Amino acid sequence: MLFNARYNTLPPRLYHHQQPVPLKGAKAGHFNAALADELQWSETDKQAWVDICSGQKTFAEFEPLAMVYAGHQFGQWAGQLGDGRGLLIGQIIDKHGQTIDLHLKGAGSTPYSRMGDGRAVLRSTIREYLAGHVLNNLGVASSNAVGFTSSEQGVQREKLELGAMMLRTSDCHIRLGHFEWINQYQSDLLPEFTQKCIEWHYPECLNAEQPILAFATQVIQRTAVMIAKWQLIGFAHGVMNTDNLNITGSTLDFGPYGFMERFRPNWINNHSDYQGRYTYQQQPSIGHWNLWQWLNNLVPLCPADYDKEQWKEDLAKCLEHFELTFLEHYKLGLAQKMGLPSFHKNSFDCAMAFLRILQSEQLDYTQSFIRLQNHKYEAIKDDCLDRRAFEGFLAQYESIRAHQDTDALDAEMAQANPQYILRNHMAQKAIELAERNDFSEVERLFTLLSRPFTKQPKLETTEDLGPLPSDVPEVMVSCSS
Ligand code: AMP
Ligand code: MG
């Protein structure tokens, strides 16, 4: 591994050095060899993956640390937070020259654990492992993981579960909440910290007339693109607190996440979210709210030669990019999913009509787009109670496509509509087997979701292709992990 240990060049007030505390009876869960190759792991490191992913081996080149940050949780100021059960154990350079964080989740309690035990359970570890993998393969910027280990150590949640650890990778673990912590508790660190964020993650902004405004705009745009992609793929993050969004717009900390099955815009996968703050349809406006909170932390960075009121106004103007960027990407992506030309004035209306049908008929989001892509219009209609509404939609749809290059549009659809997503019941089956020490279903899903846009008849099962019947109780997912 090629190290670029840079976070620990920051002032020590921003972190706490400590070693992972291994679990009893650590054992192999799953290893992402292709990712290890991307990260330029040596053969020796690959052979030692179980020791690395269980906290038994750390690296001389990087002294592990827990980061401190703060955040707004469910809309309320939560004060100081931090890595309560994860440690940054390395920053390494991948094949493309990019620095990637290695973060060991479940590595024991830290000064930021509050009441928590510093552990992660096998159930949530597998959920995060497979979701990071599929998001990356769906083209959504996200954390990923090199591997995870299980153990023989019990960890208490609603019931006693097995402890596990996962070696998460991300281009950035600096959260919006890092700025909130600094501004609230150690504001003298703000200029240096911001400068480092720009140098590390947005070096092109250093040449802008106002690097901080350019940086803010970039963070806002990347977050907007990420959320547009979530909406298109039908992903609900579940806990969009400001401590769970990073500054590079790559998906992070998605514990109680879910992939949309039957189309319900007000769907919430996280049963700890009693008020429905983080429903699927709210994600864009919550992203905007979080970024607004974050921008407040840049107010003290007003350059000496700048009018203070003007600075505030200019920061606020950066936020205007959010809606513009979101809509641009969402509309373009939706047109691709629909097989409609993005420039046609009626394409967006037609897509909305399709979504309304999915909603009122409670059809599966992913499979309905695949049926549309395969021109299986009758099959969709057969599942509709209101067949006339579908016929009305289809007439408009076909009239828009009538004078277009439909082969080209269909080719775009195939790149925008996954055959497979990670349904809760798919993950659940893999978890139940893994809890009995059988990782074969994790392996099957890992392989299937390595190529989510490609039909894999030999590998798929019927359950991968749609929601469970509506009379089967849904898998419950809460913040507890
Ligand atoms: P989350 O909303 O899951 O991202 O977690 C919010 C905060 O709680 C973060 O600071 C976590 O590090 C911390 N946390 C969550 N679970 C645990 C745990 N089991 N032990 C210690 N800290 C935890
Ligand atoms: Mg978190």
Side-chain angles (χ1 to χ4, degrees), residues 14-16 18 20-21 23 55 64-89 101 103-129 131-132 142-143 145 148 151 153-166 168 170 172-182 184-185 236-248 250-258 268-275 277-278 283 286 290 293-294 477-481:
L14 288 162
Y15 48 85
H16 175 80
Q18 70 176 66
V21 182
L23 292 162
L65 60 90
M67 296 175 171
V68 65
Y69 45 83
H72 278 81
Q73 298 187 315
F74 295 94
Q76 307 292 327
W77 172 242
Q80 176 169 304
L81 304 166
D83 291 334
R85 51 155 164 183
L87 297 173
L88 188 67
I89 66 159
D101 290 352
H103 175 100
L104 189 64
K105 190 158 178 178
S109 59
T110 76
Y112 318 118
S113 298
R114 300 188 292 173
M115 306 299 278
D117 56 12
R119 296 303 186 188
V121 296
L122 185 59
R123 167 178 53 88
S124 60
T125 299
I126 292 177
R127 282 177 49 82
E128 187 170 343
Y129 184 75
S142 171
S143 65
F148 74 85
S151 79
Q153 191 164 323
V155 169
Q156 191 64 47
R157 293 293 178 261
E158 278 96 349
K159 56 179 186 149
L160 193 66
E161 301 192 40
L162 283 177
M165 281 192 210
M166 181 178 89
R168 178 164 79 183
S170 172
C172 181
H173 277 87
I174 298 174
R175 300 141 194 272
L176 303 184
H178 272 78
F179 286 80
E180 296 182 284
W181 184 85
I182 291 173
Q184 186 73 23
Y185 302 115
H237 179 287
V239 46
M240 286 178 73
N241 297 331
T242 54
D243 52 303
N244 290 337
L245 293 194
N246 71 10
I247 59 161
T248 59
S250 60
T251 316
L252 193 69
D253 268 12
F254 38 89
Y257 72 84
I268 178 73
N269 196 49
N270 179 359
H271 290 271
S272 310
D273 181 4
Y274 307 109
Q275 291 175 344
R277 181 176 173 86
Y278 298 142
Q283 295 190 119
I286 292 292
N290 284 350
Q293 290 297 332
W294 176 70
V477 182
S478 72
C479 266
S480 148
S481 60

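Order of appearance sets the numbers: ligands from 1, and atoms from 1 within every ligand. Note that the structure is predicted; figures quoted are calculated from it, not measured.
Of all atoms in ligand 1, listed by their number and element, those nearer than 4.0 Å to a heavy atom of R157 are 19 (N). Close contacts between ligand 1 and Q73 involve ligand atoms 6 (C) [criterion: under 4.0 Å to a heavy atom]. Close contacts between ligand 1 and S113 involve ligand atoms 21 (C), 22 (N) [criterion: under 4.0 Å to a heavy atom]. Each of the atoms 18 (C), 20 (N), 21 (C) of ligand 1 lies under 4.0 Å from some heavy atom of G116. For ligand 1, the atoms lying closer than 4.0 Å to a non-hydrogen atom of R114 are 7 (C), 8 (O). Less than 4.0 angstrom separates some heavy atom of G82 from each of these atoms of ligand 1: 9 (C), 10 (O), 11 (C), 12 (O). In the vicinity of G118, heavy-atom distances shorter than 4.0 Å reach the ligand 1 atoms 18 (C), 19 (N), 20 (N), 21 (C).
To the nearest 0.5 Å, atoms CD (Q283) and NE2 (H237) are separated by 8.5 Å. The distance from the CD atom of E180 to the CZ atom of R175 is 12.0 Å, given to the nearest 0.5 Å. Of the inter-residue distances, the one linking T242 atom OG1 with W77 atom CH2 reads 7.5 Å to the nearest 0.5 angstrom.
Between N241 and ligand 1, not a single N/O pair is under 3.5 Å apart. Considering backbone and side-chain N/O of D243, none are found under 3.5 Å from N/O of ligand 1. Of the polar atoms of L81, none of the N or O atoms is found under 3.5 Å from an N or O of ligand 1, judged by distance alone.
Identified under the side-chain hydrogen bond (donor to acceptor under 3.5 Å, both in side chains) test for residues 109-122, with sequence neighbours left out: D117-R157.
When non-hydrogen atoms are compared, ligand 1 lies under 4.0 Å from the backbone of R119 (N, CA, C, O) but not from its side chain. Neither the backbone nor the side chain of M67 has any atom closer than 4.0 Å to an atom of ligand 1 (non-hydrogen atoms only). The side chain of Y69, and not its backbone, has at least one atom closer than 4.0 Å to an atom of ligand 1 (non-hydrogen atoms only; side chain from C-beta on). Both the backbone and the side chain of D117 come within 4.0 Å of ligand 1, judged by heavy-atom distances.
Within the 4.0 angstrom cut-off, atom 5 (O) of ligand 1 has no protein heavy-atom neighbours. Within a 4.0 Å radius of atom 13 (C) of ligand 1, the protein has no heavy atom.
When only non-hydrogen protein atoms are considered, atom 2 (O) of ligand 1 lies nearest to N244 ND2, 3.5 Å. Protein heavy atom nearest atom 17 (C) of ligand 1, with residue, atom name and distance: R85 NE, 3.6 Å. Nearest protein heavy-atom contact of atom 21 (C) of ligand 1 is G84 O, 3.1 Å.
Counting only protein N, O or S atoms, the number found under 2.8 Å from the Mg ion (ligand 2) is 2.
Distance alone, capped at 3.5 Å, places no donor-acceptor pair between the S143 side chain and the S170 backbone.
Among D101, D83, D253, the one residue that satisfies the salt bridge (Lys or Arg N to Asp or Glu O under 4.0 Å) test with R168 is D253.
The nearest pair of heavy atoms linking A107 to L104 is CB-O, 3.7 Å. Of all the heavy atoms in Y185 and G79, the pair that sits closest is OH-CA, 3.4 Å. Shown here for L87 and P20, the closest heavy-atom pair between the two residues is CD1-N, 3.5 Å.
Residues satisfying the ring pair (Phe, Tyr, Trp, His ring centres under 6.0 Å) test with Y278, not counting sequence neighbours, are F74. Residues meeting the ring pair (Phe, Tyr, Trp, His ring centres under 6.0 Å) test with H178, sequence neighbours left out: Y69, F193.
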